[in-house]
Amino acid sequence: MSSAANTNCSTAAEAFDRVAATYDDSFTRTVIGQAQRKQVWKRLLQAYAPGDRVLELNCGTGEDARFLATQGRSVVACDGSAEMIKVAGGHAWKETGNADLIFKHLANEDLRLLSRRQLFDGAYSNFSGLNCVSDLQPVARELASLVRPGGRVVICLWSRVCAAELIWYLFHGKVGKAVRRFSGQAKANVGGLNITVLYPTVKEVGRAFAPWFELDHRQAIGLFVPPSYVESWARKHGALMGYLEKMDGVFAELPVLRDLGDHVLLEFVRGNQ
């Protein structure tokens, strides 16, 4: 990994340290955050059976890990932000009882430090943690050594083209914001720090994960459900939001549309290489 990439990763970790205490209020518990997360949870339950041992990257405050653990999956959840892990651990103690759940302060570039004695049945990363990684191939290589053949890796990334974002910002006359993803990268301010956010295409992600993984499934997350910055609108239109969620359930896996959501969910299968 280049020095510039390392700098962005360390800056991202510091940025999320700064927002860890408020992250659940600003996203996890929001109407839009919950609507988009339910779509991901449905797929995770299909990918991993009860009793499976699963690795999570970029776990944040641990919402997905706690959910899977209470559904009978064994989860090792990692994040490069020490403060996020502290918040996640506090939630876990209160909410998961005897569920099989471990939180680790571990950045993506340090996955080599995890033991290979017992391979995972799968791994996942939700809501754009991997959009801060400039080169996904080293991450894919490490996952290939951690996940058993036939295991599934599910990643949810910000997409290159978000139809809802395009329409929203064009309607408000903000052309620059409407097309900000098209170049493949942008700057985001998190906790007062600027970090580089990458928007890889599905083909680019697929190349990074080959030859160890084969893409088996993809779908939009937030195709009709809008991005999180529309939260104030979403709170005022509860009935319409419910309808938009149902629309996502119908159309999110269709060709073309599956690449136009706020996020794209990609599910890979570990090969025998």
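Note: hydrogens, waters and symmetry copies are ignored here, and every other heavy atom, side chains too, is used. Numbering starts at 1 and runs along the sequence shown.
One finds the OG atom of Ser125 at 8.5 Å from the CG atom of Asn131 (value rounded to the nearest 0.5 Å). Here the straight-line distance linking atom CG of Leu44 with atom CZ of Arg73 works out to 9.0 Å at 0.5 Å rounding. A distance of 11.0 Å separates CD1 of Ile102 from CG of Leu55, quoted to the nearest 0.5 Å. The line from CD1 of Ile155 to CZ of Phe209 is 4.0 Å long, rounded to the nearest 0.5 Å. In this structure, Lys42 NZ and Ile221 CD1 are separated by 10.0 Å, a value rounded to the nearest 0.5 Å. With values rounded to the nearest 0.5 angstrom, Gln36 atom CD is found 9.5 Å from Glu245 atom CD.
Between the Ser159 side chain and the Gly261 main chain, a donor and an acceptor come within less than 3.5 Å of each other. Under the 3.5 Å distance criterion, the side-chain polar atoms of Asp79 are matched with a main-chain donor or acceptor of Cys59. For the pair Ser81 (side chain) and Met84 (backbone), a donor-acceptor distance under 3.5 Å is present. No donor-acceptor distance shorter than 3.5 angstrom exists from the side chain of His263 to the backbone of Ala220, with no hydrogens or angles considered. Side-chain atoms of Glu83 never come within 3.5 Å of backbone atoms of Arg18 as a donor-acceptor pair (strictly under, hydrogens ignored). The closest donor-acceptor contact from the side chain of Arg181 to the backbone of Val161 lies at 3.5 Å or more, if one exists at all. With hydrogens and angles disregarded, a donor-acceptor distance shorter than 3.5 Å links the side chain of Asp17 to the backbone of Ala82.
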Would Ile195 and Cys132 count as a side-chain contact (heavy atoms from CB on, under 4.5 Å) here? Give the steps. CA-CA 8 Å; Ile195 60 176; Cys132 296; 4.0 Å; yes
Begin with the C-alpha distance, continue with both residues' side-chain angles, and end with the deciding distance and a verdict on salt bridge (charged side-chain N to carboxylate O under 4.0 Å, His left out) for Asp110 and Arg112. CA-CA 5 Å; Asp110 294 325; Arg112 66 186 184 282; 3.2 Å; yes
Derivation and outcome, side-chain contact (heavy atoms from CB on, under 4.5 Å), residues Thr196 and Lys187: CA-CA 5 Å; Thr196 300; Lys187 292 291 185 180; 2.8 Å; yes
Checking side-chain contact (heavy atoms from CB on, under 4.5 Å) for the pair Tyr23/Glu63: CA distance, chi angles, key distance, verdict? CA-CA 11 Å; Tyr23 183 81; Glu63 187 78 358; over 6 Å; no
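At least one side-chain heavy atom of Leu265 sits less than 4.5 Å from a side-chain heavy atom of Val40. Leu106 places a side-chain heavy atom less than 4.5 Å from the side chain of Leu111. Proximity of Met241 to Pro226: side-chain heavy atoms (C-beta onward) are separated by under 4.5 Å at one or more points. Using a 4.5 Å cut-off on side-chain heavy atoms (C-beta onward), Arg37 and Thr28 make contact. Annotation: side chain of Leu146 is in contact with side chain of Arg116 (closest heavy-atom distance under 4.5 Å). A 4.5 Å side-chain heavy-atom check between Leu240 and Trp233 finds at least one atom pair inside the cut-off. Counting heavy atoms from C-beta outward, Leu223 and Leu260 have side chains that approach closer than 4.5 Å. Under the 4.5 Å side-chain criterion, counting only non-hydrogen atoms from C-beta, Leu45 is in contact with Leu68.
A search for side chain to side chain donor-acceptor pair (under 3.5 Å) contacts involving Arg152 returns Asp216, Glu267, not counting sequence neighbours. Listed by chain and number, the residues in a side-chain contact (heavy atoms from CB on, under 4.5 Å) with Asp259 are Val202, Arg218, Val264 (sequence neighbours excluded). Not a single side-chain contact (heavy atoms from CB on, under 4.5 Å) links Val250 to another residue, sequence neighbours left out. Scored by the side chain to side chain donor-acceptor pair (under 3.5 Å) test, Ser228 finds no partners at all (sequence neighbours excluded). Residues passing the side chain to side chain donor-acceptor pair (under 3.5 Å) test with Arg29, sequence neighbours excluded: Asp25. Evaluation of the side-chain contact (heavy atoms from CB on, under 4.5 Å) rule for Leu254 yields Phe251, Leu257 as partners, not counting sequence neighbours. In this view, Gln137 and Asp135, Arg141, Ala208, Trp212 satisfy the side-chain contact (heavy atoms from CB on, under 4.5 Å) rule, not counting sequence neighbours. Remark: Arg148 engages Asp121 in a side chain to side chain donor-acceptor pair (under 3.5 Å) (not counting sequence neighbours). For Arg258, the salt bridge (charged side-chain N to carboxylate O under 4.0 Å, His left out) test picks out no residue, with sequence neighbours left out.
Residue pairs satisfying the side-chain hydrogen bond (donor to acceptor under 3.5 Å, both in side chains) criterion with at least one member in residues 45-57, sequence neighbours excluded, are listed as follows: Arg43-Gln46, Glu56-Tyr124. Counting only residues at least two apart or on different chains, no ring-ring contact (aromatic ring centres under 6.0 Å, His included) pair has a member in residues 131-150.
Taking both residues in full, the closest heavy atoms of Leu101 and Phe103 are given as CD2-CE1, 3.6 Å, listed atom of the first, atom of the second, then distance. Here the shortest heavy-atom pairing between Arg270 and Pro149 reads CG-CA, 3.6 Å. The minimum heavy-atom distance linking Thr61 with Ala20 is given by the pair CG2-O, 4.1 Å. Residues Gln39 and Asp248 approach most closely at NE2-OD2, 2.9 Å, considering heavy atoms. Nearest heavy-atom pair, Asn126 versus Cys156, reported as atom, atom and distance to 0.1 Å: OD1-CB, 3.3 Å. Smallest separation of non-hydrogen atoms from Ile32 and Val230: CD1-C, 3.7 Å.
Under the 4.5 Å side-chain heavy-atom criterion for Ile, Leu, Val, Met, Phe, Trp and Tyr, Leu215 and Val153 are members of the same hydrophobic cluster. Both Leu57 and Leu157 are members of a single hydrophobic cluster when ILVMFWY side chains are connected at heavy-atom separations under 4.5 Å. Under a hydrophobic clustering in which Ile, Leu, Val, Met, Phe, Trp and Tyr are joined whenever their side-chain heavy atoms come within less than 4.5 Å, directly or via other members, Val76 and Leu143 fall into the same cluster. Residues Leu198 and Phe182 do not share a hydrophobic cluster, defined by chaining ILVMFWY side chains whose heavy atoms lie under 4.5 Å apart.
For Tyr229, the OH atom is densely surrounded, since the number of other residues' heavy atoms within 6.0 Å is greater than 12.
Contact check on Asp64 versus Arg66 returns no salt bridge, with no Lys/Arg side-chain nitrogen under 4.0 Å from an Asp/Glu carboxylate oxygen.
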Do any side-chain atoms of residues 166-175 form donor-acceptor pairs under 3.5 angstrom with protein atoms, and if so which ones, sequence neighbours left out?
{"unit_1": "His172", "atom_1": "ND1", "unit_2": "Trp168", "atom_2": "O", "d": "2.8"}

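Phe127 pairs with exactly one of Phe27, Phe16, Trp158 by the ring-ring contact (aromatic ring centres under 6.0 Å, His included) rule, that one being Phe27.
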